[in-house]
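Take a look at the structure set out below.
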Amino acid sequence: MAKLSNLTLRKNRVRAKVGGSSQRPRLTVFISNMHISAQLIDDENGKTLAAATSVGQKLTGTMTEKAAKVGEQIAAKAKKAKITSVVFDRNGRRYAGRLAALADAARKGGLEF
């Protein structure tokens with residue numbers, strides 16, 4: 001069996017405890033070296049309700065600034081889909097820097113978590 005990375009272990013541990021429903025979907029965030037993506041997922045039905053990403057956009061600035069813009073976009077899409085409350089999935093990452101910037105921008109946009 002292949003050895004799992006610490007990030008994968010933390011991700012699986014968080015995912016076992018955090019789940020989304022249609023009333024309160026899971027806001028999951030993926031951060032790569034170049035881009036940031038966020039999705040609102042209904043785990044009961046296995047559907048993505050809304051998504052925002054920096055891929056294909058001409059976003060400028062640091063990765064933290066890009067994360068804040070993606071947070072604003074996901075909050076706007078959630079509001080359009082009449083979603084106000086979500087469960088935050090850190091995806092195994094620490095709540096700091098880029099992740100915190102995205103979460104703060106989403107909260108400022110009207111999401112509660």
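Asp42 contributes a side-chain N or O that, together with a main-chain N or O of Glu44, makes up a donor-acceptor pair within less than 3.5 Å. For Ser54 (side chain) and His35 (main-chain N/O), no donor-acceptor pair under 3.5 Å exists by modelled atom type. Side-chain N or O atoms of Thr48 include none that pairs as donor or acceptor with a backbone N or O of Ala50 at under 3.5 Å.
Contact detail for Ala67 and Ile36: the closest heavy-atom pair is CB-CD1, 3.3 Å. Between Lys77 and Ala52 the shortest heavy-atom distance is NZ-CA, 4.3 Å. Leu111 and Ala78 get closest at one heavy-atom pair: CD2-CB, 3.6 Å. The two residues Leu7 and Gly92 make their nearest non-hydrogen contact at CD1-O, 3.4 Å. When all heavy atoms of Leu27 and Phe113 are compared, the closest pair comes out as CD2-CE2, 4.2 Å. Here the closest non-hydrogen pair linking Gly109 and Ala75 is CA-CB, 3.8 Å.
With rounding to the nearest 0.5 Å, the separation of CD in Glu72 from NZ in Lys108 is 8.0 Å. The distance from atom OG1 of Thr53 to atom CD of Gln73, rounded to the nearest 0.5 Å, is 8.5 Å. Taking OG1 of Thr84 as the start and NZ of Lys79 as the end, the distance is 10.5 Å to the nearest 0.5 Å. Put simply, OG1 on Thr28 and CG on Asn91 are 4.0 Å apart, with the number rounded to the nearest 0.5 Å. To the nearest 0.5 angstrom, Met63 atom CE is 7.0 Å from Ile31 atom CD1. Taken to the nearest 0.5 Å, the CD1 atom of Ile41 stands 7.5 Å off from the CG atom of Asp89.
Sorted by first and then second residue, the salt bridge (charged side-chain N to carboxylate O under 4.0 Å, His left out) pairs involving residues 91-102 (not counting sequence neighbours) form an empty list.
Asp43 is linked by a salt bridge (charged side-chain N to carboxylate O under 4.0 Å, His left out) to Arg26, counting only residues two or more places apart in sequence or in another chain. Under the salt bridge (charged side-chain N to carboxylate O under 4.0 Å, His left out) criterion, Arg107 pairs with Asp104, sequence neighbours left out.
The shortest distance between side-chain heavy atoms of Gln57 and Lys69 does not fall below 4.5 Å. When side chains are defined from C-beta on, Leu102 counts as touching Val70, because their heavy atoms get closer than 4.5 Å.
Below 30°, between 30° and 60°, or above 60°: for Tyr95 and Phe88 the angle between ring planes is above 60°, a perpendicular geometry.
Val87 and Leu40 are not part of a single hydrophobic cluster, where members link through side-chain heavy atoms under 4.5 Å apart.
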